[in-house]
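So that the names make sense, note that chain A is the first sequence line, chain B the second, and so on, each numbered from 1.
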Amino acid sequence: MTIASVIVDVPAKQTDRPFDYLIPNHLTGIITPGIRVVVPFGPRKVQGFVTALKTESDFEKLKELIEPMDLTPILNQELLQLGEWLTKETLCYKISAYQVMLPAALKAKYEKKLKLSDEVSVEKLSDEIQAAFENRLIISWEEAVKLGCLSLLQKEVVNGSIEIIYEVKERVKKKKLKHVFSPLTKDQLAMEKEQLPVQAAKQKAVIDFFLQEEAPIELRKLLSEMGVASSTIKGLVQKGILSQKEMEVYRDPYEERRFTSTEPLPLTEDQQKVITPILASIEEKRNRNFLLYGVTGSGKTEIYLQSIQLVLQKGKEAIVLVPEISLTPQMVKRFKGRFGDQVAVLHSGLSAGEKYDEWRKIQRKEVKVVVGARSAIFAPFENLGIIIIDEEHETSYKQEDSPRYHARDVAIERASTHHCPVVLGSATPSLESFARAQKGVYSLLSMPNRMNNQALPGVEIIDMREELREGNRSMFSRVLLEKIEDRLKKKEQIVLFLNKRGHSSFVMCRDCGFVVNCPNCDISLTYHRANQQMKCHYCGHEAQVPNNCPECNSEHIRYFGTGTQKVEEELAKILPEAKVIRMDVDTTSRKGSHEKLLDQFQEGHADILLGTQMIAKGLDFPNITLVGVLSADTMLHLPDFRSSEKTFQLLTQVSGRAGRHEKEGEVVIQTYTPQHYSIELAGEQDYDKFYEREMMVRKIHKYPPFYYISLITVSHEELLKTVSVTEKITAYIGSRLSKEAICLGPVASPIPRINNRYRYQCLIKYKREPDLGLALKKMLDYYQKETASGGLQISVDVNPYILM
DNA sequence: AGCACGCCGACT
DNA sequence: GTCGGCGTGCTC
């Protein structure tokens, strides 16, 4: 085994295959599949993943690999194979598949430098070059570019006076801190203590500490714990009694936090019924996929916790996926509370270094449970006993850029190799999953009752058109206002939910209806209050708000759309006595602010919690008795076949926030389309009826779960080119599919232009097309040249969640 | 993705 | 004649 097959870190069609390298003698045995290596690739050096070892290669002139970047494989055999599965499933590059499974900190960083050759005499070089190097031997490529003498330098490279050095570096360093320990034995220490002068009390105290504690301790901790100055330690170090060394520590985002430990709760009858088959499947080491359908407040989390408990007893590991976990600190509390430091947490709120450290705890088998967002599904456990996906219907489990994977699919794939169960939990399962449960692909487990049998909150739907007709032009209906005032009087808490998506504040002329659009993208600009500017969310273009309408010159040009800030202002006007906490992107961007705001609300420092999507989930406070949805229909009119489903799910989730404890809850939903079935049925909290209704719509329109869909998006600077390529692709793919498949296109994308590039798409609906993957690959191959040069972009999304 | 190689236009 | 534009093809 002297040759290594390596997937290099070059995400391109032509390099999406293994390259072979000779393993230098001194590295034989060290280089194994799954470790990262630095390899020469053309004139430069790149990172690569060793995928296999072999004794022969078809290629004759093999180069030697340069060095390993790991001592032990960073991807185990299972993950290497999972990478191949991902590549096939999502049509992504192998390198992208491997990188997505690892924390971003492990992605290589490349540096390019210029170095004066050893034998060159500096005096002979031109003044400009001498000036560029200013008595140094090495300058960075960026510096050279800034100086603008590239052509001169290029010449020197050709004649050998200057070398180009390529370096591959790690992105994040392991965090190291000064630690103190004693190199002496206890007897020696005791003797040293005797010899210290009487007045060296502090030093003696420190020695006492080390007489008890042998392990090295962080210098900082020692100082604060003993209440001594750093000079005290320094003195001991100088005498040779203590030593210092740099030692690796984990960045622990929850370091300062204490989690009150909890015991398993007695289960309700419902819970007992659903947990039995899950536990059985763990016992039997049998792969089964469960859909745990339990209404809000039915106690799904306790099911997760007790299932994991059995997994841990069996010496196995568990993955728990939670949507954007930083948004539910309560969830972290529950897992850390039950399983303590056996839990690692992975979510987007952590820094790259923190994520890396949590990941290494998993890799080193220091933890048994990971709670995390989407990418935690790749946690490098080797002995999985269960995978749990909470809020299974959440769209954030689908990654929107390459590799466009769905965590649910990955979970099912991994669980089948580990022979363990998958539990998909939701109060409002996705139609896909519920349909699979109906067909028996998943085992359905239902919990139709809330714990303690509280009633689901009563829901009242308010027709805002009616309000308008009767002269109420405010954003609060009279009913809602009345109820708010009532709760304020009773000192109970209120959650107001604003679904801002759909139309956030845009700038519009009141006289002629002109809306300010982005000049590069066919989409309206969003008004940002912080800097009084309009910004495009797709290309970042910024512009001043005009004083007069560019169309009709009217002065009545204003921003529209009710943002949370606007609601807050209006609340302050009509209910000045109410204390409001606002939660949106602006108020929660700072680390930990999310949790702080929620804690404040929980402790009763405010009457009203006003927020966007982020408050729809996980809130579980006893004093909330009223939930108001200010406008239910904003997302209903998005060009997306799932918009009804999303609306229903969101409204149900929000409603579930009310009355989870002794006090009864009430929900008010304001809408302009009260007759829409997703709003009506959310009001009745009737998932089953909604499911039936929506399935009919999906069947008629040939959408999932009746059909699979794949989306091809083509973009190019020229409209004609974009259309003609999409046309050809549609025709080609259509010709290669069976008669049952439907190939729609070319149609303009819902956002027809982004960053001055036109966008057209082809939507494929199909039931069974085993050759579709091949056809798509051939198509991508055919356009390879044009896409490589950057003029043309073609993206393929198998099972897209966003059709834009 | 980079980078080298190569083949045509506008210049000292 | 040469400098440099970016099209084409290769990287073990």
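Between the CG atom of A/Asp9 and the P atom of C/dT11 there is a distance of 19 Å, given to the nearest Å. Spacing between atom CD of A/Gln154 and atom P of B/dG2 amounts to 17 Å, rounded to whole angstrom units. Between A/Lys785 atom NZ and C/dG9 atom C1' there is a gap of 9 Å when expressed in whole angstrom units. C/dT8 atom C1' lies 19 Å from atom NZ of A/Lys13, rounded to whole Å. We find that CZ of A/Phe59 is positioned 8 Å from C1' of C/dT11, with the value rounded to whole Å. In this structure, A/Leu62 places its CG atom 10 Å from P of C/dC12, rounding to the nearest Å. Regarding A/Ile164, its CD1 atom lies at a distance of 11 Å from the C1' atom of B/dG2, rounded to whole Å. Between A/Trp141 atom CH2 and B/dC3 atom C1' there is a gap of 10 Å when expressed in whole angstrom units.
A donor-acceptor pair shorter than 3.5 Å can be found between the side chains of A/Tyr110 and A/Asp9. Donor-acceptor pairing under 3.5 Å is recorded for the side chains of A/Gln399 and A/Asp401. Side chains of A/Ser738 and A/Glu769: a donor on one and an acceptor on the other come within 3.5 Å. In the model, A/Glu366 has a side-chain atom that pairs as donor or acceptor with a side-chain atom of A/Tyr250 under 3.5 Å.
Heavy atoms of A/Tyr93 sit nowhere under 4.0 angstrom from any nucleic acid atom. Residue-level contact check: A/Pro18 touches neither bases nor backbone, having no heavy atom under 4.0 Å from any strand. Within 4.0 Å of A/Tyr21, counting heavy atoms only, lie sugar-phosphate atoms of the nucleic acid but no base atom. Using a 4.0 Å heavy-atom cutoff across all strands shown, A/Gln14 reaches at least one base atom of the nucleic acid. A/Lys112 comes within 4.0 angstrom of the backbone, heavy atoms only, and of no base.
In terms of phosphate contacts, A/Tyr110 brings no side-chain nitrogen or oxygen within less than 4.0 Å of OP1 or OP2 of B/dG2. Distances shorter than 4.0 Å separate some side-chain N or O of A/Lys63 from OP1 or OP2 on C/dC12.
By the 5.5 Å and 30° criteria, A/Phe19 is not stacked with the base of C/dC12.
A/Ser715 pairs in a side-chain hydrogen bond (donor to acceptor under 3.5 Å, both in side chains) with only one of the listed residues (A/Arg759, A/Arg757, A/Gln761), which is A/Arg757.
In this structure, the nucleotide among C/dT11, B/dA1, B/dC3 sitting nearest to the side chain of A/Val10 is B/dA1.
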